[in-house]
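For reference, the structure is listed below as structure tokens.
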Protein chains: 2
Amino acid sequence: MTDRLSVIFSALADPTRRAILARLAEGEATVTELAEPFDISLPAISRHLKVLEAAGLISRSRSAQWRSSRLEAAPLREATAWMERYRRFWDDNFTRLDAHLKRLQEDDS
Amino acid sequence: MTDRLSVIFSALADPTRRAILARLAEGEATVTELAEPFDISLPAISRHLKVLEAAGLISRSRSAQWRSSRLEAAPLREATAWMERYRRFWDDNFTRLDAHLKRLQEDDS
DNA sequence: ACTTCACTTAACTCCTTCGTTAATTAACGA
DNA sequence: TCGTTAATTAACGAAGGAGTTAAGTGAAGT
């Protein structure tokens, strides 16, 4: 489980971490600010942030005693890129396009 | 961790399972066929398939003693839908669009 | 200097996941 | 019916989350 995609997907597999990302979409926030909506301890949040950072989903900076987190969505691009490979299996437009291309190919023969 | 997205993301967090999905993109396959490229036991594969099925990423059918798996990509749509919320944080076009919309809004005032 | 604030690290528990081998089920073929 | 093939279930162990409380770090405020 040492590959990037696995790290990204398992970071996203936790609802608390997804909620943290959602919060960060509204702007940077400190650890205590991020912890506020949740009923779990600060150390637990601290570790969630570590996981998100390891996945590249956030970056962190410190000023004085505050460590503020910032959303870094680039890994989501990687993840979606992987999923795109399967788009034709779910997307109606793609399915139609696929059928269209198939028809063209048959016309070729 | 009982929500759909978590189940989907953690199903995708395993490289073996992603490889299985990749294989299934080429067509249905039986358990032994799916197991073939991997250096792990059949029971292990069997459980991976169970996880994928629980996430809705595959469906299974049986004929005689063979259980064949089929890719069901719909959950990937859900997962990408969630990620799309963050697209403006990574996609250049979205960033430009965003800036454009901001400019329009400023013109309104 | 001492305290307080913001956060992390350590040590521990509980539960789940991923793998194993051995046993079981279920269907087919002779 | 008996053996073979395909796959699952059972029972187990190692490793890894995710949570806890308690202790430690480091900068700021007084």
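Worth knowing before you read on, the calculation uses all heavy atoms, side chains too, and leaves out hydrogens, waters and symmetry mates. This one's a predicted model, so the numbers in the text were calculated from it and none came from an experiment.
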I want to verify a distance call: between dA27(D), dT21(C), dC18(C), whose nearest atom is closest to the P43(B) side chain? dT21(C)
Whole-Å gap separating C1' (dT20(C)) and CZ (F38(B)): 18 Å
Rounding to an integer number of Å, can you tell me how far E53(B) CD sits from dA7(D) C1'? 13 Å
Which nucleotide wins on minimum distance to the side chain of A44(B), given the candidates dC28(C), dG19(C), dA6(D)? dG19(C)
Given dA6(C), dT9(C), dA27(C), the nucleotide with the shortest approach to the side chain of Q65(A): dA6(C)
Rounding to a whole Å, what distance do you find between R18(A):CZ and dA18(D):P? 12 Å
Side-chain N or O of R62(B) less than 4.0 angstrom from OP1 or OP2 on dC28(C)? no
Pairing check on dA18(D): which nucleotide meets the Watson-Crick or G-U wobble criteria with it, both distances under 3.5 Å? dT13(C)
List the atom of D3(A), the atom of P15(B), and the distance in Å for their closest heavy-atom pair. OD1-CG, 4.0 Å
Nearest whole angstrom, please: distance from the P of dT17(C) to the CG of D14(A). 13 Å
Presence of S41(A) side-chain N/O under 4.0 Å of dG19(D) phosphate oxygens OP1/OP2: no
Separation of R67(A) atom CZ from dT9(C) atom P, in whole Å? 8 Å
Please tell me which of A64(A) and K50(B) maps to the more 5' nucleotide of DNA chain D, matching each residue to the nucleotide holding its nearest heavy atom. K50(B)
Provide, to the nearest angstrom, the distance between the CD atom belonging to E33(B) and the P atom belonging to dT5(D). 16 Å
Between L57(A) and L24(A), does a side chain to side chain contact (heavy atoms under 4.5 Å, CB included) hold up when you go through it step by step? CA-CA 10 Å; L57(A) 286 159; L24(A) 290 177; over 6 Å; no
Of all the nucleotides listed (dC18(C), dT8(D), dG19(C)), which has the minimum atom distance to the side chain of V51(B)? dC18(C)
Minimum heavy-atom separation for P37(B) and E33(B), please, with both atom names. CD-O, 3.7 Å
Nearest heavy atoms of W90(A) and L76(B), plus distance in Å: CZ3-CB, 3.5 Å
CG of L42(B) versus P of dA26(C): gap in Å, rounded? 17 Å
Using OP1 and OP2 only, check whether a side-chain N or O of T30(B) sits under 4.0 Å from dA6(D). no
When you measure from the side-chain N and O atoms of H48(A) to the phosphate of dG19(D), is any distance below 4.0 Å, counting only OP1 and OP2? yes
So, does the side chain of R47(B) form a donor-acceptor pair with the base of dG19(C) at under 3.5 Å? yes
Below 4.0 angstrom from OP1 or OP2 of dT8(D), is there any side-chain N or O of S46(B)? yes
Would one find more than 12 heavy atoms of other residues, nucleotides or ligands at under 6.0 Å from atom CZ of R70(A)? no
Nearest-Å distance for atom pair CD1/P, residues I58(B) and dA7(D): 12 Å
